[in-house]
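First the structure, in the form of structure tokens, and then the observations on it.
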Amino acid sequence: MARVAIVTGGTRGIGEAISLALQEAGCTVAANYAGNAERAKAFTDRTGIATYRWDVSDHEACAEGVKQVEADLGPIDIVVNNAGITRDGVLAKMTYADWKDVIDTNLGGCFNMAQATFGGMVKRGWGRIVNIGSINGQAGQYGQVNYAAAKSGIHGFTKALAQEGAKKGVTVNAIAPGYIDTDMVAAVPQDVLAKIVAKIPVGRLGQANEIARAVAFLCSEDAGFVTGSTLSGNGGPHMY
Ligand code: CAA
């Protein structure tokens with residue numbers, strides 16, 4: 001039977017590519033989104049992938065959202081925690097809301113979604129959780145104490161939860177993308193981005209597909225012995 005997968009932030013950017021890659025791998029996919037209903041509808045029309053709206057930073061909303069997906073599609077086998085936001089700014093200018101929104105969404109979202117799904121995976125003896133980290137969680141980035149802390153937290157969260165799932169058939173891994181050609185990266189000021197791209201040995205931004213196919217592998221049967229790992233896909237500026 002087809003595995004059921006939830007991809008948070010699954011209608012845009014890297015998440016969209018992941019939803020499509022999992023669909024191509026034979027999964028039944030539920031793509032979660034937070035705000036852009038128009039884009040979500042267009043996504044469903046184009047792909048046939050069902051979309052579900054909830055805010056991953058809201059613990060209750062995640063539990064409710066997962067319940068709805070399970071009622072519609074069946075027990076959840078795979079969760080890709082991709083939903084993420086940026087609120088860049090140097091520490092002196094960063095508001096407490098900028099800090100909290102990014103921590104609650106990017107890192108809190110992983111906790112909320114795992115709590116809603118991990119127990120069922122353990123009970124059924126099979127599961128895959130893939131968390132989308134970032135090069136900026138590994139290396140830090142000027143103007144991103146919030147985002148770097150959240151993404152770095154994701155890498156620790158992954159290794160800790162992997163230990164809880166290991167004996168139960170549930171793997172937990174992370175991918176750390178570098179600068180990928182998405183709306184999020186397009187929002188970086190052009191002059192700043194040009195300097196960042198100049199330091200990427202591969203000489204270009206990454207493509208969402210290049211991350212999505214790696215996620216699909218980590219979600220596959222073949223990846224059963226890979227757990228607690230962080231796979232970097234960043235074009236070479238930080239080899240970690
Ligand atoms: N290291 C050291 N100094 C730096 C620096 C760096 N990397 N970047 C800028 N500075 C310096 C500048 O030279 C400048 O110095 P002077 O005042 O002496 O001239 C000073 O810091 C202020 O720089 P800005 O004018 O850029 O400051 P700002 O307040 O206008 O903007 C910022 C700050 C919003 C953080 C802006 O620099 C920015 O957007 N940076 C990009 C951050 C980034 O890479 N975000 C990634 C988003 S995508 C993503 O996160 C996906 C992923 O996972 C990879």
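Counting starts at 1 for both ligands and their atoms, in listed order.
- Side-chain N or O atoms of Ser152 include none that pairs as donor or acceptor with a backbone N or O of Ala149 at under 3.5 Å.
- Remark: the backbone N or O of Trp54 is paired with a side-chain donor or acceptor of Asn32 at under 3.5 angstrom.
- Remark: Ser19 OG to Ile49 CD1 distance equals 5.0 Å, nearest 0.5 Å.
- Atoms CZ and CZ, on Phe217 and Arg128 in that order, are 9.0 Å from each other to the nearest 0.5 Å.
- Under the side chain to side chain donor-acceptor pair (under 3.5 Å) criterion, Asp104 pairs with Lys100, sequence neighbours left out.
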May I have the N/O to N/O pairs between ligand 1 and the protein that fall below 3.5 Å, each with atom names and distance to one decimal?
unit_1	atom_1	unit_2	atom_2	d
ligand 1	21 (O)	Tyr142	OH	2.3
ligand 1	29 (O)	Lys93	NZ	2.9
ligand 1	44 (O)	Gln141	NE2	3.4
ligand 1	44 (O)	Tyr179	OH	2.7
ligand 1	45 (N)	Asp88	OD2	2.8
ligand 1	45 (N)	Gln144	NE2	3.4
ligand 1	50 (O)	Gln144	NE2	3.0
ligand 1	53 (O)	Ser134	OG	2.6
ligand 1	53 (O)	Tyr147	OH	2.6

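- A continuous path of Ile, Leu, Val, Met, Phe, Trp and Tyr side chains, each step under 4.5 Å between heavy atoms, connects Val172 with Val66, placing both in one hydrophobic cluster.
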